[in-house]
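Let me begin by presenting the structure, written as structure tokens, before commenting on it.
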Amino acid sequence: MPILALDTSTLVSSVAIASPEKLIAELILQTKLTHSEVLMPHIEQILAMTKIKKTDLTGIAVSIGPGSFTGLRIGLAAAKGMAYALKLPIVGVSTLAALAYHYPMPNIYIAPLLDAQKGNVYMALYRWENGILQEVQAPVVKSFDMVLQDGQVLDLPVVFVGDTAQKQALAIAEAGGNVVPAMPQLVMPRAANVAMLGLSEFAKGKTDHVMQLEPVYIRRSEAEVLWERRNGKSEE
Amino acid sequence: MEDKACLTLAIESSCDETSAAVLSGGRIILSNVISTQIPVHQKFGGVVPEIASRKHIANIMPVIDEALRQAQVSLTDINQIGVTYGPGLVGALLVGVSAAKALAFSLDIPLIGVNHLEGHIFANFLAHPELKPPFVALVVSGGHTSLVHVKDYNTFYLIGQTRDDAAGEAFDKVARVMGLPYPGGPQIDKLAKLGNADAIAFPQALSGKGNFEFSFSGLKSAVLNYLHNAEQKGEIVNKADVAASFQKAVIAVLIDKALQAVEKAGLTKLVLAGGVAANSALEKQLKASTEAAGVEFYYPNMILCTDNAAMIGCRAYYQSLMGDFANLYLNAIPNLKLTDKE
Ligand SMILES: [Zn+2]
């Protein structure tokens with residue numbers, strides 16, 4: 001019972017096919033290709049390579065953010081279109097939680113950092129306890145500098161992952177304290193993680209509604225923030 | 001040639017309407033569902049691209065589902081999918097394009113990438129079953145003002161277009177300065193009915209014979225200056241007169257150039273298309289002017305003037321007859337031109 005998994009939350013384009021017992025195939029490209037152009041061809045190609053028919057799929061897992069707004073919407077529109085047409089269950093998984101699947105080991109924190117523009121990151125803090133992923137700190141928007149400072153004084157080693165961790169690899173390597181840099185092949189999102197997280201959600205009976213699933217933006221649009229700043233103040 | 005059994009599902013998400021439609025053959029609308037976001041954008045005085053994209057991804061599947069339900073067909077009955085890939089807001093277009101590609105791939109059916117502006121022209125084929133090319137189309141919308149020679153269903157020549165602002169853009173900006181709510185076009189249209197169109201002489205740019213280019217930025221500035229000067233002098237402006245005089249200047253240029261273009265092309269048919277086609281004064285005066293000139297005049301009804309997927313489905317159908325299909329690499333092209341062919 002293979003599922004299809006997608007992650008287009010960063011500039012990495014990744015698709016995977018997995019069943020509960022194994023990762024069957026995964027495609028990860030970090031080549032600045034446009035998601036809108038290559039995502040569907042990648043899905044078509046990975047199915048062809050594995051000789052799995054799209055009608056043999058049993059579900060779709062999709063990374064729903066936070067991350068690049070446009071990237072998330074491309075992945076979600078594709079996932080919803082396929083789920084609707086093939087009558088497949090769909091589940092949206094947190095991009096941050098999926099990133100924590102890179103380091104499933106005890107006695108460390110994993111801190112996924114995704115670019116939130118202007119020196120900020122979307123971040124959360126996770127740790128693995130008895131093989132179960134625990135959210136230590138819920139997703140927030142913070143400045144990267146603040147995140148780095150906080151990391152240095154944590155009570156356990158913390159591994160930074162995500163696109164900002166890749167971009168700031170040097171600052172992270174030099175930070176010292178309890179900050180540990182990630183390995184280059186285990187720093188960016190990959191669809192295999194989304195697949196495994198999605199499979200565990202499906203196993204718990206959790207699915208999302210194909211009509212209602214939306215990205216997790218965390219942030220409102222800039223226009224809304226500005227409007228409320230301008231119009232909210234006059235009422236105070 | 002017309003294959004009435006062919007069912008086309010069409011998707012449109014280029015600006016602030018999420019729409020899906022089902023067509024039987026090229027011209028029979030089985031459903032045309034439009035989810036408008038106008039109330040959401042109103043308080044910002046215009047379309048906010050990021051908010052539009054967020055609404056599209058939330059609305060896209062329910063709108064498609066409703067279009068199939070209203071057409072009383074199941075997804076597996078659909079033979080092909082048409083989708084707007086430009087021009088428009090890139091983030092908004094990408095939602096429709098991505099969903100359309102996923103559906104076409106999943107169902108193993110052909111995909112057709114449609115130019116939104118061509119869709120507006122083709123809205124007339126839905127409104128008028130007897131209409132056939134060749135004709136001249138006057139495309140007037142928030143983003144475009146163009147004269148197009150439609151030779152046949154798949155051959156278009158651009159006769160002329162705007163150098164700067166689109167007519168609809170000028171309407172929206174003038175309306176905004178006058179404190180009218182978004183979208184401004186219909187508001188000006190309404191207000192103009194109460195005013196004197198000869199009260200103020202606003203300039204009509206590029207009105208020379210044989211010039212098929214438009215320019216509305218000078219007119220827009222003239223109106224803004226007029227309002228500004230009056231404000232500085234503490235004069236009370238008759239807004240209805242301003243609206244009527246401004247509208248008259250826009251319409252005069254549009255009609256003059258459109259009729260010249262019809263004559264130059266040696267044709268006898270003029271087709272009005274695009275969001276501004278809903279302007280009642282433009283319709284009325286074009287009707288009178290074309291009648292006087294012995295030119296047949298066609299325009300779509302209200303619903304088919306606005307952004308809607310049925311017009312995209314109509315265009316897609318005629319593209320499919322030519323084998324003009326897209327592959328899974330189809331991307332959104334925000335500044336797609338009328339004559340661009342991928
Ligand atoms: Zn339009």
Side-chain angles (χ1 to χ4, degrees), chain A residues 4 6 8 33-45 47 53-55 57 60 62 64-65 68-88 90 92 208-217 219-228 230-231, chain B residues 9 11 13 18 40-66 68 74-76 78 81 83 85 89-109 111 326-334:
Chain A
L4 174 71
L6 317 176
T8 51
L33 294 169
T34 317
H35 288 312
S36 62
E37 282 181 39
V38 298
L39 179 62
M40 286 314 301
H42 285 172
I43 293 170
E44 184 180 42
Q45 286 154 13
L47 287 166
K53 291 194 225 94
K54 54 198 166 224
T55 47
L57 294 171
I60 296 185
V62 57
I64 56 165
S68 149
F69 296 162
T70 299
L72 292 171
R73 283 190 287 262
I74 290 168
L76 199 52
K80 291 207 282 189
M82 284 188 73
Y84 180 71
L86 296 166
K87 297 188 166 57
L88 295 173
I90 186 170
D208 285 301
H209 202 299
V210 71
M211 291 293 150
Q212 288 153 14
L213 189 57
E214 288 183 55
V216 172
Y217 299 107
R219 270 193 169 168
R220 285 173 308 157
S221 73
E222 217 154 294
E224 280 170 295
V225 175
L226 284 174
W227 190 88
E228 265 161 45
R230 226 176 275 142
N231 295 271
Chain B
L9 171 67
I11 298 171
S13 69
T18 319
V40 182
H41 298 285
Q42 225 148 22
K43 71 174 182 183
F44 302 105
V47 178
V48 180
E50 173 59 21
I51 295 175
S53 302
R54 289 186 182 198
K55 288 284 160 193
H56 285 307
I57 191 69
N59 293 340
I60 186 94
M61 298 318 297
V63 165
I64 291 169
D65 198 53
E66 181 62 17
L68 291 165
S74 93
L75 189 58
T76 48
I78 297 293
I81 296 185
V83 65
Y85 73 107
L89 303 168
V90 65
L93 289 164
L94 281 171
V95 173
V97 168
S98 302
K101 289 202 288 185
L103 291 171
F105 170 70
S106 301
L107 299 166
D108 282 317
I109 56 175
L111 176 72
N327 62 26
L328 291 179
Y329 288 91
L330 181 70
N331 200 0
I333 303 184

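In what follows, every chain begins at residue 1, and chains take the letters A, B, ... in the order their sequences are listed.
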Pairs of heavy atoms under 4.5 Å with chain A: top-ranked of B/Gly91, B/Ala99, B/Gly96, B/Pro49
B/Ala99
Which bit of A/Lys54 comes within less than 4.5 Å of chain B, counting heavy atoms only: side chain, backbone, both or neither?
side chain
Applying side chain to side chain donor-acceptor pair (under 3.5 Å) to B/Ser106 and not counting sequence neighbours gives none
B/Lys55: which residues meet the side chain to side chain donor-acceptor pair (under 3.5 Å) condition with it, sequence neighbours left out?
none
Under a 4.5 Å heavy-atom cut-off, does chain B meet the side chain of A/Leu57, its backbone, both or neither?
neither
Going by heavy atoms in the side chains, are B/Leu328 and A/Ile43 under 4.5 Å from each other?
no
B/Leu94 side, atom CG; A/Arg73 side, atom CZ - distance, nearest 0.5 Å
9.0 Å
Give, as side chain, backbone, both or neither, the part of A/Glu214 having an atom under 4.5 angstrom from any heavy atom of chain B.
side chain
Under the side-chain contact (heavy atoms from CB on, under 4.5 Å) criterion, do A/Leu4 and A/Leu6 qualify, and how do the steps go?
CA-CA 7 Å; A/Leu4 174 71; A/Leu6 317 176; 4.0 Å; yes
Listed by number, the residues in residues 57-64 of chain B that come under 4.5 Å of chain A (heavy atom to heavy atom) are B/Ile57, B/Ala58, B/Met61, B/Pro62, B/Ile64
Please report the interatomic distance CG(B/Asp108) to CG(B/Leu103), rounded to the nearest 0.5 Å.
12.5 Å
Checking A/Ser221 against chain B: side chain, backbone, both or neither under 4.5 Å from a heavy atom?
both
Under 4.5 Å from a heavy atom of chain B, the part of A/Ser36 involved
both
Polar side-chain atom of B/Ser13 near backbone of B/Ala92 as donor-acceptor pair, under 3.5 Å:
yes
For B/Phe44, check side chain to side chain contact (heavy atoms under 4.5 Å, CB included) against everything at least two apart and list the hits.
A/Ala223, A/Glu224, A/Trp227, B/Val48, B/Ile51
Can you tell which of A/Arg220, A/Glu222, A/Gln212 has the highest number of heavy-atom pairs within less than 4.5 Å of chain B?
A/Arg220
B/Ile81, part contacting chain A, at a heavy-atom distance under 4.5 Å:
neither
Assess the residue pair A/Leu213 and A/Val62 against the criterion (side-chain contact (heavy atoms from CB on, under 4.5 Å)); give the C-alpha distance rounded to whole Å, side-chain angles, the decisive distance to 0.1 Å, and a yes or no.
CA-CA 10 Å; A/Leu213 189 57; A/Val62 57; 4.2 Å; yes
Can you measure from CD1 (A/Ile64) to OH (A/Tyr217) and round to the nearest 0.5 angstrom?
10.5 Å
